Structure formats: C-alpha cells, structure tokens
Amino acid sequence: MNKKTSQTTAKSAKKKSTAQSKGKLSGVNASLSRDDKIKLYRDMGRIRRFEERSLHAYQQGKIGGFLHLYIGQEAIAVATASLMGDNDHIITAYRDHGQALSVGMGMNECMAELYGKFTGCSKGKGGSMHYFAPDKNFWGGHGIVGGQTPLGTGIAFALKYKKLEGCCLCLLGDGAVNQGAFHESLNLAALWNLPVIYIIENNRYSMGTSQKRSSAGSPLARRAEGYDMAWELIDGSSVYEIREKLAPIMDRARTQPEPAVVEIQTYRYRGHSVADANHEKYRSKKEIEDYKKNHDPIMLFQRTLAEEGVLSDADIEEIDREAKKEAADSARFADESPFPPEEEIFTDVYWEVDHKTGKNEGRIFFND
Amino acid sequence: MPQITYRKALNDAFAEELERDENVVLIGEEIAEYNGAYKVTEGLHARFGDRRVMDTPISEAAFCGLGIGASMLGIRPVIELMFWSFSYVAFDQLFNNAPMVRYMSGGLINVPIVVRGPANGGTNVGATHSHTPENFAAYTPGLKVVCPATAYDAKGLMKTAIRDNDPVFVMENTLLYGQKWEVPEEEYLIPLGRADVKKEGTDISLIAHGRCVITCLEAARQLKEDHDIDAEVLDLRSIRPLDQEAILKSVRKTNRAVLVEENKPFCGTAAQIAALIQEHAFDHLDAPVRRVSAYDAPQIYSKPLEDEMIPNTRRIIKTVLEVL
Ligand SMILES: Cc1ncc(C[n+]2csc(CCOP(=O)(O)OP(=O)(O)O)c2C)c(N)n1
Ligand SMILES: [Mg+2]
C-alpha cells in the first residue's frame, strides 16, 4: 500500500495478478473453503443473470427510467461483500444492483423494485438507483454523483463514535472523484482518522467521458496523497486479487482506525445506462470486445476454479441454470406483484406520521 | 411555418447566439463530444469547436461558479445542468454567489449567465432526479427564472436570457424536448416577464408554466368537449419577472382561477400567484382560487403513482368542476 509517494503501484497493478496464478492461495484467500469459492462464483453469475433479465424487462417496457447495469464489474461487488463482517458497512452510487445482491438482498425484492412494485425492497419508491438494506449494512444506492461519499464518511464516524471495530466501504465511480464532496470527505476522514475506505470503481468512463478527458492526474487514487492517506490500485477482473489486497486495508481501517483510497480497475460492457445509445462511439467495439474476451471476471474465475478442481463443467452449467431460473422467477414475481396503493405516496415521509405518535401539532402535508 | 422540436428550437437559439456574440460559451457535462445527454446541444461542438462548447467533469459547484466568475469579466456562459436536480450540488454558487454579487458590489459587477437544463418529474427516475426548483430560484432576489412550454417560447426566451445582463435560470422539460411546434425561420426574441394567453376563454383561468401549460390545454379541450366549459389558459413563461398584469387581467375576465404547477404546494410558485390574485383582484373572484400542484411528498419512483403525483388532466378537470 502506498503512503505519500509511490511510483511503483501503477506499474505493479499491471503485472499479472499473483493471487490468481496457479499454486497456493495466499492471504485471505488461503482459508477459503470449496463452498466459499463456489459462492463467490455463483454470486457473480447471479448478478449478471439478474441484470440481463432486467434489461430484457426494460426492453419489454416493464421497467422505465434509468437502468445502470453493472455487467463486467461483478467481481468488485462480490469480493467486497465477501470481506464484510458484522460491523462492516457498504454504500455505493446508482450502479447498485451488484452490491445489493452481493450483500444478500433477494432477486425478487430487487426486481420488483425495478418494476415499481409494492413488493420491491423500497416498496417501489426508490427504483433502480436507490436500493437500501440497512439490515445487511447496505446503505444505498445514491443517484447524485458523489453524494454518497460524505454519507460513507459519516457511517465510519458513527462506528468510531460507538467504539465498534468495523469499517465502511464507500464506493464511487471514476467520474465521482471530481465532486467537491468527495475531496471534503477525504480531508475529514484523514483528519479524524475515520475507518472508511473509498473504493473507486474505475470503469474508465463517466457516461461518455473517458478518465483522461475528465480527471487531471493519474492514478485517481493518488489524490489520497494530498490528504496524507494510504492508497492502492487493484485489478478488478480478479475476485481473489481484490480480496487479497483489500482485506489488510480493511483490517487497518478497523483497528487503527485509518482511512484509505482504493482504485479498482474494471470495465462496464453496456452503455452508461440502458438509454445510452452512443456507447460504441466514445469507445471502440474492439475495446469492449477485448474486455469481454480477456478480462471478464466471471470467465476468469471460472477458469481458475476449474484449474483448482473446484468446479466441473457440470457444476458450471448447473450454477448458471439456477441463476437464470432465479432471475426469470424474480421477473415473474415482479410482474405479478401489485403497484403500491396511492396512499403510499404519503407514507415514509415523516417518522412521526408513520408511527402516529401524535407529537405533531401543526399541519404537515399540504395537498388541499 | 416549419415545425421543429423544442430541443431543436433551443439548439437553434444557441447556434444563433454563439454566432452573434463571441463571448457566448456553452459549458456542461457531456454537451460537446457526446452532443448532450438529451441531445439539446447536438452538432454545436462540431460547428463551434472546443473553445466555445466545452465538456466538464462532474463538478457542478466548480463549473457553475467558474461560469459566474467568467461572467464578471464579460463572458456570457450558458451552463447546462444535465438535470436541475443537480443544481443542489452547486447551491452555494447558484443561489448565494450568482444573485448576490451585483447587489453586494453596489452595482459595480454584473453576472450575465444562463443556467439551463431540464427540471421535471414524470420520467420514472425517482426522487433525487425529479426536482423542479423554479420556486427556490424565483424566491431569490437577483435571479430570473424562465420555464418555456413550447418550442417557440423556448427559442425566443433562451435568446433573450443569453442577452440578459443578470443571471437567468431556464428550466426546460425532458418530456417536451421531442415535441414539435411552429417556429418561424426569421429571428425573434421574447421578452422576459410577458405571459402568453395560449387559449382564450371566458369561464375560468387556468394559469400555469412549463409542461403544465400543455396539460392545461388538453384539460381545456376536454372541459369544452365534455362539460361545455370555456377555460382560458395563461402561460406565465417567466416566473420572475412575472407578468402580474396578465394574471389579473385574465382573472378579472373569468372571475375564477385554477393554478397548475409541477412544484409541490408548500411555498410553490402557485402559492405566490394565489396571494397576488387575492391581494389585487379579490373583488373580481366568484370562487376561491384553487391550486393543482404536485403531491406533497418526495417524488415516487413507481410510474403509475408518479403519473398521479404530478398534475394531470384528470386532476385539473376535477378541480375546475369543483370551482364552477
Ligand atoms: C451531481 C450529478 N451530476 C451528474 C449526474 C448525471 N450522471 C449520472 S452518472 C454520471 C457518470 C458518473 O460516472 P462514474 O462516476 O464514473 O460512475 P459510473 O457510471 O461509471 O459507474 C453522470 C454524469 C448525476 N447523477 N449527479
Ligand atoms: Mg465510471
């Protein structure tokens, strides 16, 4: 990990991942059981099948608005969630389906939310960009670029205040690093030694803008140096590598506590959102194909597990069949679920109203 | 007269003003190489180049503030917010710098910027992306606020806004971008502060701005057809300056008013209009002024419920029938 100046990281990240090469697994991966490994693999596939199914529903007109697909980035969600203990928390931006499923939210509630149905995780009130599951330490799902970064900082503050040994993983995109709120958060986190890890999911583009056209200075994580904060670069195509490099950083965050910035290099295969018809204009087809063919996190992990003898061809097929079925079932569930009743528009606005405490004396809604 | 979309009308306004005045520059996210998230600036980067049409990082506070600073030296930035909802990231710049500099400098400095982009709900994108802050802006002395409802108005008002020497916030609507209206080929300007009677009527005044004007026109058509009620539709076009005379004139004629807005009701734009009517035309009213606003809750994601939340013809007609 880097503190202050380090020129080596950028280079070393380009080197072949040690964690995924054959031989003995090291660090946090050494203790993985066969079942653990299969779960990592299965969860990545589940995310992909879920999102492919949601895309289909969007094309059928069953889902509207924005749908930002995570396809290509699955290893990050699965690896981060797999490292979380009881006191660890996670918060992200609007590209949130992967994190949601990884922390254990069900496909049904997630799909129903996309359909705007009452059975959705937020009763159809939040939509694709705004999933939440506080019971799973997942704090959203945030639509405003960079808006979640002070919140992640605050979750870390609360952990420290409560003297809990945990950390907050605060995910953001490569475009979000240019929001003031992010920089202000870095300063606070470093100044107050908060247990927060800002994880930049660098998929190389913010909408149609490449990193080079939007951000001065590279790598992005090096911005941490301005705040005297540690930083690290990780290859996002390898679940093992993300786990191996992130685990000690999370440990330091929990125990010191000490913040860090981690940049995970990844790629999204689809457009910025489903509505982005231009995505083969600002980047080449060849580039997309290269990532799919040579850096796909699911394909690479499948190969690794096959080499380790963990997965047979039959297992692979079976796992995929189950994921597809689970996704198809969730779409059926969403389809058959009711929309929220109209009264729901006015619930969940104020705690006092929902709980009928009678503490409010004045009028609170002004509809007529 | 050719019919063009609201989007193209805005695009033409930018092209004409970029052509006319070397100091006009376009700034915003994805407006140049990507041609705009909603394609409003399509082709302008290709035509006017990097110096005049600029992509920015996702840094609303910085590029809005930069525009304000540059305007103090005579640049005329036209700043796109991909959504007005994102103006909240730049609140200090837009609501505390832009409107205050002129006053606090005793008139020594002025801020000729335009900040523009869509401000609307009805698109199934949830609470964070559906804000309509024209009331916030109109609340702030020093700011002007424009909400065009048609392609014709969008073009004429935008050109005026760009030439205005004060900050003008133009709030557009993603649901209108693709709609077509007649727009003359020759140049024209529409002054700020002049409302437009979009449909004459005698029985009741429907007073609105932005896309609600279009909804009111449809409601007026149905009211005529189904209930033989002749509603007048008055389009405010700009919220500040506000054409108070046009509002009072219409109310004095019809003696009844229903105010329609996509703002939430509490301190929404219509609340101000209602106050003006009762202050200045009370004796002309045959019924209380009523409002049809967005429902008073954060915008719900679920589409069928969101469609109920923002003013629709059903809610307008119901209110009109209650008044008459
Ligand atoms: C404050 C704000 N500005 C602009 C947007 C519109 N917007 C949504 S996502 C996005 C690009 C963000 O890119 P990045 O941070 O790299 O995340 P990615 O989409 O690649 O996951 C933009 C400009 C927004 N949601 N919020
Ligand atoms: Mg990105």
Side-chain angles (χ1 to χ4, degrees), chain A residues 63-66 94 113-118 120 122-130 141-147 173-181 206-210 213-216 272-273 275-276 278 281-282 339-342 344-350 363-368, chain B residues 29-39 55-63 65 82-83 85-90 92-93 122-131 264-268 271 290-309 315 319 322:
Chain A
I63 300 174
F66 292 143
Y94 44 84
E113 188 61 30
L114 299 180
Y115 279 59
K117 296 298 182 74
F118 198 34
S122 297
K123 307 181 206 166
K125 295 186 177 186
S128 161
M129 302 192 285
H130 311 113
H142 294 269
I144 298 298
V145 170
D174 49 291
V177 301
N178 297 314
Q179 284 290 27
S206 49
M207 255 176 155
T209 305
S210 64
R213 292 206 306 118
S214 65
S215 295
H272 166 71
S273 74
D276 172 13
N278 265 1
K281 285 189 188 155
Y282 55 78
F339 285 108
E342 210 178 306
E344 278 298 324
I345 290 176
F346 302 106
T347 63
D348 307 315
V349 185
Y350 292 104
R363 182 176 176 189
I364 205 151
F365 290 115
F366 293 84
N367 287 303
D368 40 53
Chain B
E29 292 161 16
E30 307 289 349
I31 66 163
E33 291 195 15
Y34 193 81
N35 282 311
Y38 287 97
K39 300 286 168 274
D55 279 326
T56 65
I58 310 168
S59 308
E60 285 84 0
F63 69 75
M82 199 178 285
F83 283 74
S85 289
F86 308 156
S87 70
Y88 297 10
V89 172
D92 178 53
Q93 299 303 325
T123 54
N124 197 196
V125 291
T128 57
H129 282 55
S130 304
H131 294 292
K264 313 284 179 196
F266 197 103
C267 299
R290 290 284 303 275
R291 292 180 290 160
V292 178
S293 310
Y295 284 151
D296 196 13
Q299 202 85 350
I300 197 164
Y301 164 77
S302 189
K303 181 76 169 117
L305 277 82
E306 193 195 12
D307 289 344
E308 262 318 291
M309 236 183 143
R315 282 175 59 202
T319 309
E322 284 166 11

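Numbered from 1 within each chain, the chains take letters A, B, ... in sequence-line order. Every heavy atom of this structure was used, including side-chain atoms; hydrogens, water molecules and symmetry mates were not. Just so you know, these numbers come straight off a predicted model, no measurement behind them.
Contact annotation for Met129(A): only side-chain heavy atoms (C-beta onward) come within less than 4.5 Å of a heavy atom of chain B. Proximity to chain A is absent for every atom of Glu306(B), based on heavy atoms less than 4.5 angstrom apart. Contacts between Tyr282(A) and chain B at a heavy-atom distance below 4.5 Å involve the side chain alone, from C-beta outward. With a threshold of 4.5 angstrom between heavy atoms, Lys125(A) approaches chain B through its backbone and through its side chain. For Asp276(A), the parts sitting under 4.5 Å from any heavy atom of chain B are the backbone and the side chain alike. For a residue to count as touching a neighbouring chain, one of its non-hydrogen atoms must lie under 4.5 Å from one of that chain's; by this rule Ser293(B) does not touch chain A. Heavy-atom distances place no part of Val292(B) under 4.5 Å from chain A, backbone and side chain included.
Between chain A and the residues Lys303(B), Met309(B), Glu33(B), Glu30(B), the largest count of heavy-atom pairs under 4.5 Å involves Glu30(B). Ranking Arg213(A), Glu344(A), Lys281(A), Lys123(A) against chain B, the residue ahead of the rest is Arg213(A), based on heavy-atom pairs under 4.5 Å. Of all the listed residues (Leu114(A), Asp368(A), Ile345(A), Ile364(A)), the one sharing the greatest number of non-hydrogen pairs under 4.5 Å with chain B is Ile345(A). Of the listed residues Ile63(A), Asp348(A), Asn367(A), the one with more heavy-atom pairs under 4.5 angstrom with chain B than any other is Asn367(A). The residue among Tyr94(A), Phe346(A), Tyr350(A) with the most heavy atom pairs within less than 4.5 Å of chain B is Phe346(A).
Tyr88(B) meets the ring-ring contact (aromatic ring centres under 6.0 Å, His included) test with His131(B), Phe136(B); sequence neighbours excluded. Applying the ring-ring contact (aromatic ring centres under 6.0 Å, His included) test to His142(A) and every residue at least two apart in sequence or in another chain returns Phe132(A).
Under 3.5 Å, the side chains of Thr319(B) and Glu322(B) contain no donor-acceptor pair of N or O atoms. Using modelled atom types and a 3.5 Å distance limit, the side chains of His130(A) and Thr128(B) yield a donor-acceptor pair. At a cut-off of 3.5 Å, with distance as the only test, no side-chain donor of Thr209(A) or Asp55(B) sits close to an acceptor on the other residue. One side chain, Gln179(A) or Glu60(B), offers a donor N or O that lies under 3.5 Å from an acceptor on the other.
Taking 4.5 Å as the limit, every side-chain heavy atom of Ser214(A) sits out of range of all side-chain heavy atoms of Ile58(B).
Annotation: cation-pi geometry satisfied between Lys117(A) and Phe339(A) (NZ/CZ under 6.0 angstrom from ring centroid, within 45° of ring axis).
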